[in-house]
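Here is the naming used below: chain letters follow the sequence lines, and residue numbers restart at 1 for every chain. The shown structure was predicted, so the numbers you read here are calculated from the model rather than taken from an experiment. Hydrogens, waters and symmetry mates play no part in the numbers below; they use all other heavy atoms, side chains included.
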There are 2 protein chains.
Amino acid sequence: MLSKSTEYAIRALVFVQLRNWEQKRPGVDEIAREIEAPEAYTAKILQILTKHKLLGSAKGRGGGFFFGENQSSLTLYDVIHVMEGDACFHKCGFGLKSCNDNNPCPLHDKYVVVRDGFFEIAKTETISALSDSIRRGDAVLNRIV
Amino acid sequence: MLSKSTEYAIRALVFVQLRNWEQKRPGVDEIAREIEAPEAYTAKILQILTKHKLLGSAKGRGGGFFFGENQSSLTLYDVIHVMEGDACFHKCGFGLKSCNDNNPCPLHDKYVVVRDGFFEIAKTETISALSDSIRRGDAVLNRIV
DNA sequence: TTATAAAAGGATATTAATATCTTTTTATAA
DNA sequence: TTATAAAAAGATATTAATATCCTTTTATAA
Ligand code: FES
Ligand code: FES
């Protein structure tokens with residue numbers, strides 16, 4: 001499971017993308033409201049994302065968050081990596097200090113399939129692809145109730 | 001990813017099983033040492049497991065931990081359920097308040113495959129099967145280094 | 001130039017997970 | 001019966017994740 005912070009980050013980025021497509025640059029307040037996350041905490045997460053250049057920001061009047069040229073096809077992996085590191089992609093599912101094909105834990109063979117499956121999703125899914133499925137109406141950004 | 005507590009629990013149970021097969025009932029100290037977990041914390045985890053009847057225990061001289069009749073084929077699911085609940089099996093991977101096939105988040109279709117894959121492992125793998133693969137020498141309980 | 005709007009930064013608070021320590025209960029061996 | 005070994009229980013400590021609040025910097029509009 002991803003951490004709450006990572007989930008907030010992903011949803012925030014998706015919302016920024018959706019607004020950017022409407023030529024808008026949402027601010028912290030709007031983003032937090034739309035993704036249903038605490039405002040001050042969302043601000044911290046957006047800070048982390050901009051500090052790591054996953055997202056652009058503009059201070060002052062008319063400011064807000066937006067994607068720049070080279071930020072258009074961020075993968076989930078990029079976001080997870082910045083928010084919580086990539087332990088989830090290489091950790092041993094049984095809790096051993098490392099995962100090793102040649103000296104496996106009893107869960108290794110089966111666990112690796114799942115872990116690699118998630119890695120594949122993370123590496124191929126992009127913020128813009130997720131956003132687009134929402135834009136098209138095929139998926140939702142939040143629950144009505 | 002499972003919590004550290006859950007990992008300790010699984011490894012502890014596997015070690016108890018291995019020792020039980022040798023007609024021994026290990027105590028907290030031996031278990032903690034073998035699974036490389038803090039002793040007092042391991043004691044707490046064993047308490048949770050015995051309280052929930054996943055494991056038997058005997059107090060006093062010659063006491064220790066062991067599996068009873070109906071505890072022989074514990075699944076990973078049973079352990080995870082007791083240690084951290086089963087959110088990981090039904091939670092939305094995108095962080096929505098619930099996962100819903102008919103009103104999916106943009107990650108749903110792909111995420112559910114991975115999540116269900118893990119559920120399948122958890123429901124089918126048992127402590128005794130894991131232990132047996134160690135007994136046979138096909139897998140290890142811990143890293144030498 | 002000044003007031004205002006916005007993000008950035010820093011400090012602090014709260015909660016949950018991990019970890020340790022001490023006392024109590026229970027069983028057994030001497 | 002007493003000393004000892006062991007788990008159970010309870011209290012406390014530490015660390016990391018989540019969350020809030022206040023101040024500073026920056027940009028823009030009036
Ligand atoms: S060694 Fe445990 S998952 Fe690979
Ligand atoms: S709705 Fe998000 S994983 Fe199902």
Novice: What closest approach, in Å, do B:A122 and B:T75 show between heavy atoms, and which atom pair accounts for it?
Specialist: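 Heavy atoms of B:A122 and B:T75 come nearest at O-CB, 3.5 Å.
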
Novice: Whole Å only: how far is the CD1 atom of A:I31 from the C1' atom of C:dA6?
Specialist: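 In whole Å, C:dA6 C1' and A:I31 CD1 are 12 Å from each other.
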
Novice: So B:A43, base contact, sugar-phosphate only, or nothing? Heavy-atom distance under 4.0 Å.
Specialist: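 No contact.
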
Novice: For A:Y77, run the side-chain hydrogen bond (donor to acceptor under 3.5 Å, both in side chains) check against A:D86, A:T126, A:T124 and tell me which one passes.
Specialist: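 The residue from A:D86, A:T126, A:T124 that satisfies side-chain hydrogen bond (donor to acceptor under 3.5 Å, both in side chains) with A:Y77 turns out to be A:D86.
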
Novice: Does A:K51 place a side-chain N or O at less than 4.0 Å from the phosphate oxygens OP1/OP2 of C:dA7?
Specialist: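 So the side chain of A:K51 is outside the cut-off, no N or O lying under 4.0 Å from OP1 or OP2 of C:dA7.
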
Novice: Find the distance A:F65:CZ to C:dA6:P and express it as a whole number of Å.
Specialist: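 It is 12 Å, rounded to the nearest whole Å.
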
Novice: What is the distance, rounded to the nearest whole Å, between atom CD of B:Q47 and atom P of D:dA6?
Specialist: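 The answer, rounded to whole Å, is 17 Å.
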
Novice: May I have the distance from A:E39 (atom CD) to C:dA7 (atom P), rounded to whole angstrom?
Specialist: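 Rounded to the whole Å, the gap is 9 Å.
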
Novice: Does a side-chain N or O of A:Y8 approach OP1 or OP2 of D:dA19 to a distance below 4.0 Å, or not?
Specialist: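 Affirmative; the distance criterion is met.
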
Novice: Given atom CE of A:M1 and atom P of C:dA16, what is their separation to the nearest angstrom?
Specialist: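 Taking CE of A:M1 and P of C:dA16, I get 15 Å after rounding.
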
Novice: For DNA chain C, what string of dots and brackets results from 5' to 3' when Watson-Crick and G-U pairs need both distances under 3.5 Å, crossing pairs get [ ], and pairs with another strand get |?
Specialist: ||||||||||||||||||||||||||||||

Novice: Go nucleotide by nucleotide along DNA chain D from the 5' end; which of B:G27 and A:S3 gets its closest nucleotide reached first?
Specialist: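 Its nearest nucleotide lies further toward 5', so the answer is B:G27.
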
Novice: Does the side chain of A:S57 get closer than 4.0 angstrom to OP1 or OP2 of C:dA8 through an N or O atom?
Specialist: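 Indeed, a polar side-chain atom of A:S57 lies that close.
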
Novice: Judged by each residue's nearest nucleotide on DNA chain C, which is more toward the 5′ side, A:K44 or A:V28?
Specialist: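 Result of the comparison: A:V28.
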
Novice: Does OP1 or OP2 of C:dT18 have a side-chain N or O of B:S5 closer than 4.0 Å?
Specialist: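 For C:dT18, OP1 or OP2 has a side-chain N or O of B:S5 closer than 4.0 Å.
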
Novice: Whole angstrom is fine here: how far is it from CZ in B:R19 over to C1' in D:dA6?
Specialist: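 That distance rounds to 16 Å.
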
Novice: How many angstroms lie between atom CD of B:Q17 and atom CD1 of B:I134, to the nearest 0.5 angstrom?
Specialist: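 Reported to 0.5 Å precision, the distance equals 10.5 Å.
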
Novice: Under 3.5 Å, side chain of A:R11 to main-chain N/O of B:F94, donor-acceptor pair present?
Specialist: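 Indeed, once roles are kept as given, a pair shorter than 3.5 Å links the two residues.
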
Novice: Which distance, rounded to the nearest 0.5 Å, do you find between the CD1 of A:I48 and the CG of A:L54?
Specialist: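 Atom-to-atom, A:I48:CD1 and A:L54:CG are 10.5 Å apart.
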
Novice: Specify the separation, in whole Å, of atom CG of A:L49 and atom C1' of C:dA7.
Specialist: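 From A:L49 CG to C:dA7 C1': 14 Å.
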
Novice: If only atom types and distance count, is the side chain of B:N20 paired as donor or acceptor with the main-chain N or O of B:F67 below 3.5 Å?
Specialist: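 Pair found, side chain donor or acceptor close to backbone of B:F67.
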
Novice: Can you check whether B:K91's main-chain N or O pairs, donor with acceptor, with B:R115's side chain at less than 3.5 Å?
Specialist: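 Present.
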
Novice: Between A:R19 and A:E30, does any side-chain N to carboxylate O distance fall below 4.0 Å?
Specialist: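 A salt bridge links A:R19 with A:E30.
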
Novice: I'd like a table of atom pairs between the protein and nucleotides 22-26 of chain D - only N or O on both sides, under 3.5 Å - with the distance next to each one.
Specialist:
none

Novice: Tell me: CG of B:L46 to P of D:dA6, nearest whole Å?
Specialist: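 The distance from CG of B:L46 to P of D:dA6 comes to 14 Å, rounded to the nearest Å.
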
Novice: Within the side chain of B:E84, is there an N or O that forms a donor-acceptor pair under 3.5 Å with the backbone of B:S3?
Specialist: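 Yes, B:E84 side chain to B:S3 backbone: donor-acceptor pair under 3.5 Å.
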
Novice: It should be established whether B:T50 places a side-chain nitrogen or oxygen under 4.0 Å from OP1 or OP2 of nucleotide D:dA8.
Specialist: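 Yes, within the criterion.
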
Novice: Output the distance between atom CG (A:N142) and atom SG (B:C105), rounded to the nearest 0.5 Å.
Specialist: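 The SG atom of B:C105 is 11.5 Å from CG of A:N142, to the nearest 0.5 Å.
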
